[in-house]
Amino acid sequence: MVWSRTLHIRILSAILVFGFGLSTVHAKAKTPKKAREAKTVSSVSASSSKTEEEFKKSIVQVKISYQEPDYFNPWKKKNPKVRRGVGVVVPGNKIILPAHLVTYSTLIEVKKHSSYAETKATISRIDYETNLALLQVNEEGFYKDLTPLEFHSNITYPKQVSIYQLDNSGSIQSAVGALVSMDLDQYPQGLVELPILDINSTETLNGNGEVVLEDGKATGILFDFSGDKNSGRAIPSFLIQKFLGKFGTTEISYKGFRYRPITDQATKEYYGIKEKDQGILVAEILPNSSAEGALKIGDVILEFGGKKIDSKGYFDHPKYGKQVLSYIAHIGDEFGFQTGKQVPLKILRGGNPMEISLTLKPFPYSSVRIPHRNPSLKSDYYFDGGFLFVELSEGYLLEWGKDWRSKVDRKLLYSFDYDKFGSPGKQEGKIILLSQVIPDESNNGYHEVSGRIVAKVNGKQIQSVKDISNEVKGSKSRYIVILLDDGTEIVMDKNILSEANARIQKEYRIPASGMGEH
Amino acid sequence: MRILKSGLLIFVILVSFGIGSEEKTDFDHVRKAVVQIKVYSQAFSAYTPWATEGVRASSGTGFLIGNKRILTNAHVISNAKYIQVQRYNQTEWYRVKILHVAHDCDLAILEAEDPEFYKESTELSLGQIPELNSPLIVVGYPIGGNKVSVTRGIVSRKEQSKYEHSSVDSHLVLQVDAAINPGNSGGPAIQDNQVVGVAFQVATKGENIGYLIPTKVIRHFLKDIEDGKYDGYVELGIGTFNSFNTALRKAKGIPDGLEGVFVNRILPHGSADGYLKEGDYLTQIDGLTIGRNGTTTLDKDARVDFTETVDDKNSGELIRFKVFRDGKFVDVEFKARRMPDFDFMRNRYDTPFDYAMIGGLLFQEMSRDLLGAWSRGGNTSGGSQFLFRYDYFIEDGMNRAKKADVVLYRKLAHPVNSSADYFLNLVLESVNGEPVNSLADLKKVISESKSRFLKLKFLDIELPLILDREESKKADSQIRSTYGLE
C-alpha cells in the first residue's frame with residue numbers, strides 16, 4: 001500500500017464506491033425527530049401590584065451592532081450584524097442585560113417607551129460567568145421617566161410568571177410562562193457552573209433579555225429560548241443581585257476540581273466509604289485553583305461547607321432542594337462563602353477520615369490553554385512571510401461550522417477535549433498552529449500546509465505565538481526552522497521576509513496593522 | 001468515510017473504428033472466458049462479535065486466466081460461505097473454492113471443483129497499461145439479468161487512488177469513462193484481445209466514472225501467490241515533503257537544480273525504518289529520478305508518486321535510493337517488507353473479531369470496523385480520544401511502544417458495571433499497574449490476577465475504574481446467559 005498524509009485530508013476527495021450485489025445495504029443513522037414537548041400553561045393571572053404601563057418605565061429596547069472575529073483571517077472581522085434585546089433599568093442609572101447580547105459589539109443603542117429615538121449606550125461592566133452586562137447612557141435626562149426595577153431575593157418554584165419585553169413601537173408586550181426548576185450549568189460564555197432557571201412557555205419568546213416578573217418584582221432575566229421545546233432559561237434574581245453588589249464582592253468563585261459520582265459497591269469498598277449514599281470522588285484538579293494544594297485526586301468528599309454530599313454530588317439546599325455541591329462554592333454567599341473565604345470539608349483520603357479546608361478563588365483563567373466560551377480570553381496570532389500562526393481556540397475550531405467536531409483534524413479535536421487546561425505543576429502554554437499559508441513566491445511549496453500544530457521553532461519548545469515572533473526577530477541565523485507535528489519543516493528566510501510581506505500585504509489587501517504579531 | 005456496498009458494472013458496446021467483423025470473433029473468445037459469480041455471504045460484526053449476521057446474496061463477475069483459475073475482485077467473495085459460478089451458455093451452477101484473497105488490492109483467485117465447468121472455455125491473457133484516450137470494453141454480468149453484458153469506454157486517467165475495499169490501500173488505477181453498474185465487479189476490461197484491467201469501483205460523484213485495477217497490480221498479485229500464499233503489499237513507511245521552496249533548499253544545503261524530496265517522517269516498522277533518516281533528501285529510486293513534487297515517470301502519459309516503484313515490489317526485494325545526506329550523496333538500499341501495523345486500519349473480512357469481557361465490559365483492539373460500529377452507535381463520550389488514536393497511531397509512532405490500543409467499546413449492563421459508562425470508548429492503559437498493549441495482554445492480566453480489585457486505568461483519565469474481581473467473574477457468567485453470548 002502507499003502511505004501518505006492525505007489519509008487525513010477528507011475534504012474534496014471523491015467518494016468511491018465499490019461493490020456488486022443484489023442487495024444493497026445502507027446503514028444510515030436516522031436522525032430522531034425531536035420530541036416536541038407540548039406543555040400546557042393555563043392562562044395566567046400573575047397577580048401584579050403594578051400595571052403593565054408601569055413596567056414599561058423599567059424596560060428598554062437595546063439594539064446591538066456587532067462584528068464577530070474571523071479566526072481564519074484574524075486581521076479582519078466578519079460582516080457586521082445586528083441583534084436586539086431587552087434591558088432592565090436598575091438603580092444607579094444603569095441598564096442590565098444578558099452579556100452574550102453585547103459580545104463583539106461595535107455600537108449599542110437603547111430606545112425607551114417614551115421615545116422613538118435611539119440613544120447610544122456603552123458597556124460599563126460585563127461578566128461572562130453570570131452572563132450579565134451593565135450599560136450606561138450619558139445623555140442628560142435619559143432616566144427621568146424611567147424607574148428601576150426591583151429583584152426578588154427568594155425564588156420559589158414551580159410557579160406561574162409573567163414575561164415582559166418592549167416592542168419596536170415602544171409598547172410593552174407580556175407573555176405567560178411557568179418557572180419550572182433551577183439547576184447549575186455554565187452560562188453560554190462562562191466556565192463556572194451557576195444557577196439557571198428553567199422556564200416553560202408556549203408563547204413566542206426570544207431569550208434576549210425578557211424580564212421574568214412575579215408580584216411586581218423581577219425573578220430573572222431570560223437569556224435563552226427554544227420555540228421547538230417551548231422552554232427557555234433565565235438568570236435568577238439572586239445571581240443578578242450578586243452581580244449588582246448586594247452580597248459585597250461581585251466576584252464569582254470556583255471550586256477548582258471536578259468529581260465523579262460513586263454508584264457501585266466495588267468503588268465504594270475500594271475507597272473505604274462506609275456511609276450509605278454519601279461521597280463523591282475528586283477526579284481532576286485545575287492548576288492555580290481553589291482546590292490545588294488542598295484536595296488530591298482520589299479524595300472522597302463526604303461533606304462540603306458543612307453540608308452532607310450524596311453519592312451523586314448533591315446536598316440539600318434549605319430553599320431550593322437538591323443542588324449540586326458546586327452551588328456552595330460558586331454562589332454560596334448565603335452560607336457565608338465567597339472568594340477569599342475558607343470552606344471546611346470532610347473527606348476520606350486513603351480510607352482515612354480527615355477535615356480540611358480550601359480557600360475560594362476565582363476561576364483560574366491563567367490555566368486555560370485553549371480559550372473557549374469566554375470572549376475576554378482572546379487568542380493571539382502572528383503573521384509573517386505569508387505564514388499565519390494562531391493560538392488554538394474554540395473560536396478557531398468553530399470556523400468549520402456547526403458540524404465542526406466531525407470536520408476538524410482529529411488531533412485538534414482531541415486537544416480540545418483533553419488539553420483545555422494546564423495540569424498542576426506543569427509549565428504548559430498555548431497550542432500554536434500554522435493555520436494557513438497565504439501564497440507568495442517566497443513560500444512556494446508550503447501553500448497546501450494548513451492547520452498543523454507547531455512542535456518547535458529553531459529546536460525550541462514554544463508556549464505562545466509571541467515566542468515565534470521573538471525567535472524570528474531575535475535569532476542570529478538567517479533561516480528560521482519551524483517544525484510541525486507531522487515532521488514538516490517550514491523554513492523562513494529572514495532576508496526576504498520584509499519584501500514578501502510587502503508583496504502579500506499589497507496583493508491580498510491586508511491592512512498594515514494586520515501584519516506581524518497581535 | 002462510510003462505504004456503501006452497491007454494485008458497479010461496466011458494459012462496453014463494441015462499435016468502433018471500423019473493424020466490426022474481427023470484433024465479433026474476439027468477443028466470442030472473450031465471453032467464453034467470462035464467469036458469473038453467485039455468492040452467499042455472512043459478515044462478522046465488530047460490535048457484536050459473538051453473534052452472526054444475516055446471510056446475504058450477491059453476484060459479481062470473474063474471468064479465466066488459465067490453469068483453471070478464475071480471477072475476480074476480493075470484495076465479490078469476501079465473507080462468502082457458499083460460492084457458485086456459471087459461464088455463458090451454461091445452465092448448471094458450479095461450486096468454487098477460494099484459492100487466494102488479497103484484500104489490499106481487491107483481487108481473488110477461485111477454482112471450480114467440477115471439470116465440466118471448464119468445458120469449451122477460453123482463457124484471457126494479460127496485456128499492458130493502455131494508453132490514455134484509447135478505447136476498451138468491459139465485460140460482465142451486471143444485475144438486472146443473467147446475460148453477459150458489454151460496455152464501451154475510454155481510458156481517461158492513470159493515477160494512484162484509494163482501493164475502497166480495504167479503504168486504506170492506494171495503488172495504481174485506470175479511470176475510464178464508462179457506465180459501471182452493480183455486478184460488473186471482477187469483470188475484465190479488454191483491449192486488443194487482452195485484459196488491461198479489472199472493473200472494481202466507481203466514483204459516486206461524477207457521471208460515468210469507473211475504475212479498473214491495471215494489469216501491473218494483477219501481475220503483482222499473481223507473482224505474490226506463486227509460492228502458494230498471499231503475503232500482501234510492502235510498505236516503504238516514510239512521509240515526504242516537496243522541495244519547491246528556495247529557503248528550505250538553501251537551509252538544507254541542497255545544490256541548485258538537484259531534484260528530489262525531503263523525508264519528514266519515518267514510520268516505525270516500515271521498510272525504511274533504520275535505513276532512511278528524517279531530513280534525508282531522496283533523489284533517485286532504483287535509478288529513476290524523483291522530481292521536486294515526489295513523482296517519477298510511469299510512461300509517456302503519466303508521472304506517478306515515486307512510491308509506486310515500491311508498490312511493485314514483493315516482500316524481500318531490494319529498494320535502492322540515492323540520497324543526499326549531510327552534503328554528500330549516499331546509496332541506501334534495504335529490503336522491502338510488509339507492515340502489519342496498518343492492518344487495524346483496513347476493513348476486515350473473513351475473520352471474526354476477538355474480544356475480552358470483564359464484568360460485562362467488552363474490550364477489543366481498535367480497528368476500522370470497531371470505529372464504524374462506534375460511529376453508528378452515535379457515541380460521544382471519549383470519542384475524540386478514540387478517533388485521534390486511530391488516525392495517529394502509526395503516523396505519530398504510537399506503534400513503536402505498543403501493538404494495539406485496547407478499547408472499552410461496549411457494556412452489557414449489570415450492577416457490577418454501573419459506574420463504567422464514564423469510561424466507554426476510552427483506551428485502556430493498564431490493569432493493576434500492568435500495561436495493556438494488546439488484547440492478549442489484557443486476557444493474561446485478568447486470568448492471572450489474584451487481587452481483590454481490578455484497577456482499570458484508562459488513557460488521559462487519572463482515576464481508575466474499579467471492579468471487584470470475584471464479583472465481576474460471577475456477573476460474567478450471568479451476563480453470558482442473559483445476553484446470549486457464545
Side-chain angles (χ1 to χ4, degrees), chain A residues 1-5 7-8 10 13-29 260-267 269-271 281-284 297-298 405 409-411 413-418 442-446 478-479 481 485-493 496, chain B residues 1 4-8 56-60 75-76 104 143 160 162 164-165 168-170 182-183 185 200-206 233 235 237 239 241-242 244-245 247-248 251 264-265 267 278 305 307 311 342 376 378 384-385 387-388 391-392 418-419 422 453 460 462-463 466-468 471:
Chain A
M1 86 174 246
V2 174
W3 178 79
S4 80
R5 226 342 283 172
L7 274 179
H8 306 294
R10 309 196 301 158
S13 68
I15 298 164
L16 298 171
V17 167
F18 70 90
F20 57 85
L22 302 171
S23 52
T24 305
V25 181
H26 286 244
K28 224 187 229 170
R260 278 215 311 265
I262 306 173
T263 53
D264 71 295
Q265 197 53 35
T267 310
E269 285 173 22
Y270 179 81
Y271 287 99
L281 266 176
V282 175
E284 214 180 308
I297 287 175
R405 284 190 73 92
D409 182 279
R410 285 158 173 184
K411 192 184 272 188
L413 183 67
Y414 172 73
S415 281
F416 180 72
D417 286 352
Y418 288 90
S442 66
N443 54 39
N444 201 14
Y446 293 122
R478 176 176 170 182
Y479 298 108
V481 181
D485 71 325
D486 64 354
T488 303
E489 286 180 316
I490 302 290
V491 174
M492 292 167 81
D493 181 347
I496 58 164
Chain B
M1 192 184 301
L4 307 173
K5 285 211 177 190
S6 70
L8 62 118
R56 181 182 160 217
S58 55
S59 76
H75 77 251
V76 169
D104 55 3
I143 55 160
Q160 264 173 0
K162 201 208 269 183
E164 288 296 323
H165 179 58
V168 175
D169 301 271
S170 283
S185 280
F200 79 122
Q201 61 190 24
V202 293
T204 51
K205 284 174 187 167
Y233 273 81
E235 181 56 52
F241 194 77
N242 72 66
F244 291 126
N245 192 266
L248 173 65
N264 63 0
R265 185 55 61 101
L267 301 185
E278 286 171 9
D305 200 284
T307 51
D311 215 41
F342 274 110
R376 278 189 295 277
S384 60
Q385 186 196 65
L387 294 169
F388 160 69
D391 274 5
Y392 285 92
S418 62
S419 291
Y422 182 83
F453 294 108
D460 301 319
E462 291 230 30
L463 284 184
I466 305 293
L467 293 173
D468 185 306
E471 292 298 317

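Note on naming: letters A, B, ... go to the chains in the order of the sequence lines (proteins, then strands), and numbering restarts at 1 for each one. In what follows, every heavy atom counts, from backbone to side chain, and hydrogens, waters and symmetry copies are set aside.
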Under the side-chain contact (heavy atoms from CB on, under 4.5 Å) test, residues paired with A:Val481 that sit two or more places apart | A:Asn458, A:Glu489, A:Val491
Closest-packed option against chain B by number of heavy-atom pairs under 4.5 Å, given A:Leu413, A:Ile297, A:Asp417, A:Thr488 | A:Thr488
Residues passing the side chain to side chain donor-acceptor pair (under 3.5 Å) test with A:Gln265, sequence neighbours excluded, are A:Glu269
Tell me, for A:Tyr479 versus chain B, whether the close heavy atoms (under 4.5 Å) come from the side chain, the backbone, both or neither.
-> side chain
State yes or no: are the ring centers of A:Tyr271 and B:Phe453 separated by less than 6.0 Å?
-> no
Using modelled atom types only, decide if a donor and an acceptor are shared between the side chain of B:Asp391 and the backbone of A:Arg410 within a distance under 3.5 Å.
-> no
Turns out that what part of B:Leu467 lies under 4.5 Å from chain A's heavy atoms comes down to backbone
Which one of B:Asn245, B:Asn242, B:Asp460, B:Asp468 has the most heavy-atom pairs closer than 4.5 Å to chain A?
-> B:Asn245
Pairs of heavy atoms under 4.5 Å with chain B: top-ranked of A:Pro261, A:Ala266, A:Ala283 | A:Ala266
Is it the backbone or the side chain of A:Ser415 that comes under 4.5 Å from a heavy atom of chain B, or both, or neither?
-> neither
Checking B:Gln201 side chain against B:Lys162 main chain: does a donor-acceptor pair fall under 3.5 Å?
-> yes
